Undergrad: 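Below is a structure I'd like to ask you about.
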Amino acid sequence: MVAIADGKRHAAQIVKRLKAAYPDARCALDFQSPLQLLVATILSAQCTDTRVNIVTKDLFGKYPDAKAFAAARPSELERAIQSTGFFRNKAKNIKNCCRELVEHHGGEVPQDLDSLVKLPGVGRKTANVVLGTAFGIPTGVVVDTHIARLSRRLGMTRHSDPVKIERDLMGQLPKREWIDFGHRMIAHGRRICVARKPKCDQCPLDSICPRIGVADRS
DNA sequence: ATCCCGAGGG
DNA sequence: CCCTCTGGAT
């Protein structure tokens, strides 16, 4: 058993080293408004941020606001986002989501978790991204595929359920760290602590990492 | 648990 | 070929 205080101490060490390694980590998705971040985050499901940015470059010019997305022709929207994968689901979700925004939120993105999660295609992860990064409201900790993987490897959680991982992380991190912690963990997961063959020899966290579930190098 | 689904890396 | 990429709905 690891005591709670030890969990917090371990987390503080991780935060300190992440800050040193990624001093100005920020959201890798390109956006200029809460709505754009919401759409980009829906598109980011099982897709690289680079690919999302390629698609949104033209998409946001073609659909400037929620009303435009709500009125989109499904076939055209699908074609515009096709390369991000899951394009039928994503197109339907974006259209219906923006219809909800127009009909129930004055065309704006709501700033609370309950309203966001009720939107079609918006789960807890997407809601936390929008609240934290677009509005600066640390409501929870973003748990995506990177943060889930790194949190387990680093011994910050033993769970695989994102909700349980989020609860563990929230208990170890001060609220003011939640948003940047997410950005830095994702940056670290993309560059060093990658899924397949993590580059432990280049990792600034190596000396404090239990490497849980990481295969031994021979 | 399963489905949606294209693109890139190894 | 296989695995992974800032998931969510059923």
Side-chain angles (χ1 to χ4, degrees), chain A residues 18 22 25-31 34-59 74-75 77-100 109 113-135 138-154 156-157 159-166 169 178-199 213-215 217-218:
Chain A
L18 285 175
Y22 309 97
R26 58 175 186 84
C27 182
L29 299 171
D30 295 335
F31 68 99
L35 177 69
Q36 289 188 355
L37 180 58
L38 176 60
V39 172
T41 308
I42 291 173
L43 291 175
S44 74
Q46 299 295 292
C47 180
T48 61
D49 52 355
T50 305
R51 174 58 52 184
V52 173
N53 290 335
I54 290 171
V55 164
T56 56
K57 190 170 185 294
D58 294 325
L59 187 72
S75 58
L77 187 52
E78 287 176 4
R79 182 156 39 81
I81 66 172
Q82 191 259 356
S83 69
T84 66
F86 298 161
F87 59 89
R88 292 186 189 86
N89 282 341
K90 288 176 181 176
K92 179 166 29 130
N93 285 147
I94 290 168
K95 181 177 168 68
N96 292 337
C97 177
C98 286
R99 179 185 296 155
E100 287 289 316
V109 179
L113 188 66
D114 288 341
S115 299
L116 281 167
V117 169
K118 285 177 185 168
L119 297 170
V122 179
R124 205 179 164 81
K125 179 256 170 182
T126 298
N128 278 332
V129 167
V130 170
L131 287 169
T133 299
F135 295 123
T139 309
V141 177
V142 170
V143 178
D144 63 2
T145 179
H146 290 300
I147 295 170
R149 180 180 69 251
L150 269 63
S151 297
R152 282 197 300 273
R153 285 179 175 171
L154 285 163
M156 300 181 83
T157 184
H159 296 291
S160 51
D161 173 9
V163 174
K164 293 179 180 175
I165 295 174
E166 183 179 2
L169 294 177
W178 290 356
I179 297 171
D180 287 337
F181 174 80
H183 293 151
R184 292 182 175 123
M185 287 279 275
I186 291 169
H188 189 56
R190 286 173 52 208
R191 299 174 200 178
I192 305 290
C193 196
V194 294
R196 191 80 77 98
K197 277 178 63 182
K199 304 166 183 172
V214 177
R217 295 165 301 174
S218 52

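Computed from a predicted structure; not experimentally measured. Here is how names work: the chains are called A, B, and so on, in the same order as the sequence lines, proteins then strands, and each is numbered from 1.
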Undergrad: Find which nucleotide of DNA chain C each of A:Ala28 and A:Leu119 is nearest to by heavy atoms, and output the residue with the more 5' nucleotide.
TA: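 Per heavy-atom nearest nucleotide, the more 5' residue is A:Ala28.
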Undergrad: Taking side chain to side chain donor-acceptor pair (under 3.5 Å) as the test, write out the residues that go with A:Thr133, two or more places apart.
TA: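 By the side chain to side chain donor-acceptor pair (under 3.5 Å) rule, A:Thr133 matches A:His183.
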Undergrad: Calculate the interatomic distance between A:Gln36 atom CD and C:dT6 atom C1'; express it in whole Å.
TA: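 These atoms are roughly 17 Å apart.
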Undergrad: Looking at A:Thr56, A:Thr126, A:Leu29, A:Val109, which one forms a side-chain contact (heavy atoms from CB on, under 4.5 Å) with A:Leu37?
TA: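 Passing option: A:Leu29.
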Undergrad: For DNA chain C, which residues of residues 180-193 of chain A approach it to below 4.0 angstrom with any heavy atom?
TA: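 Result for residues 180-193 of chain A: A:Ile186, A:Arg190, sorted by number.
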Undergrad: Between P on C:dC5 and CG on A:Asn53, what's the gap in Å once rounded to a whole number?
TA: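 So the two atoms are 17 Å apart, to the nearest Å.
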Undergrad: Does a nitrogen or oxygen in the side chain of A:Arg149 sit under 4.0 Å from OP1 or OP2 of C:dT6?
TA: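 Looking at the OP1 and OP2 atoms of C:dT6, neither is under 4.0 Å from any side-chain N or O of A:Arg149.
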Undergrad: Can you tell me the distance, in whole Å, between the CG atom of A:Leu150 and the P atom of C:dT4?
TA: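 It is 14 Å, rounded to the nearest whole Å.
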Undergrad: Could you list by number each residue of residues 120-132 of chain A showing a heavy-atom separation from DNA chain B of less than 4.0 Å, or answer none if no residue does?
TA: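 Heavy-atom contacts with DNA chain B come from no residue of residues 120-132 of chain A; none.
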Undergrad: Whole angstroms only, please: what is the CG-C1' distance between A:Leu43 and C:dT6?
TA: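 Rounded to the whole Å, the gap is 12 Å.
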Undergrad: Considering residues at least two apart in sequence or located in another chain, which fulfil the side-chain contact (heavy atoms from CB on, under 4.5 Å) criterion with A:Phe87?
TA: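 By the side-chain contact (heavy atoms from CB on, under 4.5 Å) rule, A:Phe87 matches A:Glu78, A:Ile81, A:Gln82.
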Undergrad: Using the ring-ring contact (aromatic ring centres under 6.0 Å, His included) criterion, which residues pair with A:Phe31? Sequence neighbours excluded.
TA: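 Checked A:Phe31 against ring-ring contact (aromatic ring centres under 6.0 Å, His included); zero matches.
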Undergrad: Could you tell me the separation between the SG atom of A:Cys97 and the CZ atom of A:Arg99, rounded to the nearest 0.5 Å?
TA: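 A:Cys97 atom SG to A:Arg99 atom CZ measures 11.0 Å (nearest 0.5 Å).
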Undergrad: If the condition is side-chain contact (heavy atoms from CB on, under 4.5 Å), which residues does A:Val194 pass it with, not counting sequence neighbours?
TA: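 For A:Val194 there are no side-chain contact (heavy atoms from CB on, under 4.5 Å) partners, ignoring immediate neighbours.
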Undergrad: State, yes or no, whether a side-chain contact exists between A:Cys98 and A:Leu35 at a heavy-atom distance under 4.5 Å.
TA: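 Side chain of A:Cys98 against side chain of A:Leu35, heavy atoms only: contact under 4.5 Å found.
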Undergrad: Classify A:Ile81 by what it touches in the nucleic acid, base, sugar-phosphate, or nothing, heavy-atom distance under 4.0 Å.
TA: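 The residue A:Ile81 makes no contact with any strand.
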Undergrad: Can you check the A:Leu116 CG to C:dG7 C1' distance for me, whole Å?
TA: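 A:Leu116 atom CG is separated from C:dG7 atom C1' by 15 Å.
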Undergrad: Can you list the residues that meet the side-chain contact (heavy atoms from CB on, under 4.5 Å) rule with A:Ser115, with sequence neighbours excluded?
TA: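 Applying side-chain contact (heavy atoms from CB on, under 4.5 Å) to A:Ser115 gives A:His105, A:Pro110, A:Asp112.
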Undergrad: Just the rounded figure in Å: distance from P of C:dT6 to CG of A:Leu29.
TA: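 Result: 9 Å.
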Undergrad: Give the rounded distance in Å between these two atoms: CG of A:Asp144 and C1' of C:dT4.
TA: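 Computing the A:Asp144:CG to C:dT4:C1' distance gives 13 Å.
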Undergrad: Can you tell me the distance, in whole Å, between the CD1 atom of A:Ile179 and the C1' atom of C:dT6?
TA: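 Computing the A:Ile179:CD1 to C:dT6:C1' distance gives 15 Å.
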Undergrad: Could I get the full list of side chain to side chain donor-acceptor pair (under 3.5 Å) partners for A:Arg149, not counting sequence neighbours?
TA: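 Residues passing side chain to side chain donor-acceptor pair (under 3.5 Å) with A:Arg149: A:His146.
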Undergrad: Partners of A:Asp30 by side chain to side chain donor-acceptor pair (under 3.5 Å), sequence neighbours excluded?
TA: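 Testing A:Asp30 for side chain to side chain donor-acceptor pair (under 3.5 Å), a comparison that skips the adjacent residues, returns none.
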Undergrad: Applying side chain to side chain donor-acceptor pair (under 3.5 Å), can you list everything that pairs with A:Arg124, at least two apart in sequence or on another chain?
TA: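 Counting only residues at least two positions away or on another chain, A:Arg124 forms a side chain to side chain donor-acceptor pair (under 3.5 Å) with A:Glu166.
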Undergrad: Filter on salt bridge (charged side-chain N to carboxylate O under 4.0 Å, His left out), then keep only pairs touching residues 185-194 of chain A, sequence neighbours left out; what's left?
TA: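 Output for this query lists A:Asp49-A:Arg190.
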Undergrad: Determine the interatomic distance between P on C:dT10 and the same-named atom on B:dC5; round to the nearest Å.
TA: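 Each nucleotide's P atom is 14 Å from the other's.
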Undergrad: What integer number of Å spans the P atoms of B:dC4 and C:dT6?
TA: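 Taking atom P in both B:dC4 and C:dT6, they lie 22 Å apart.
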Undergrad: Any chance you could list the contact pattern along nucleotides 1-10 of chain B? Use B for base contacts, S for sugar-phosphate-only contacts and - for none, protein heavy atoms under 4.0 Å, 5' to 3'.
TA: ---BBBSSB-
Undergrad: Distance check: side-chain N/O of A:Thr145 vs OP1/OP2 of C:dT6, anything under 4.0 Å?
TA: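 So the side-chain polar atoms of A:Thr145 never come under 4.0 Å of the phosphate oxygens OP1 or OP2 of C:dT6.
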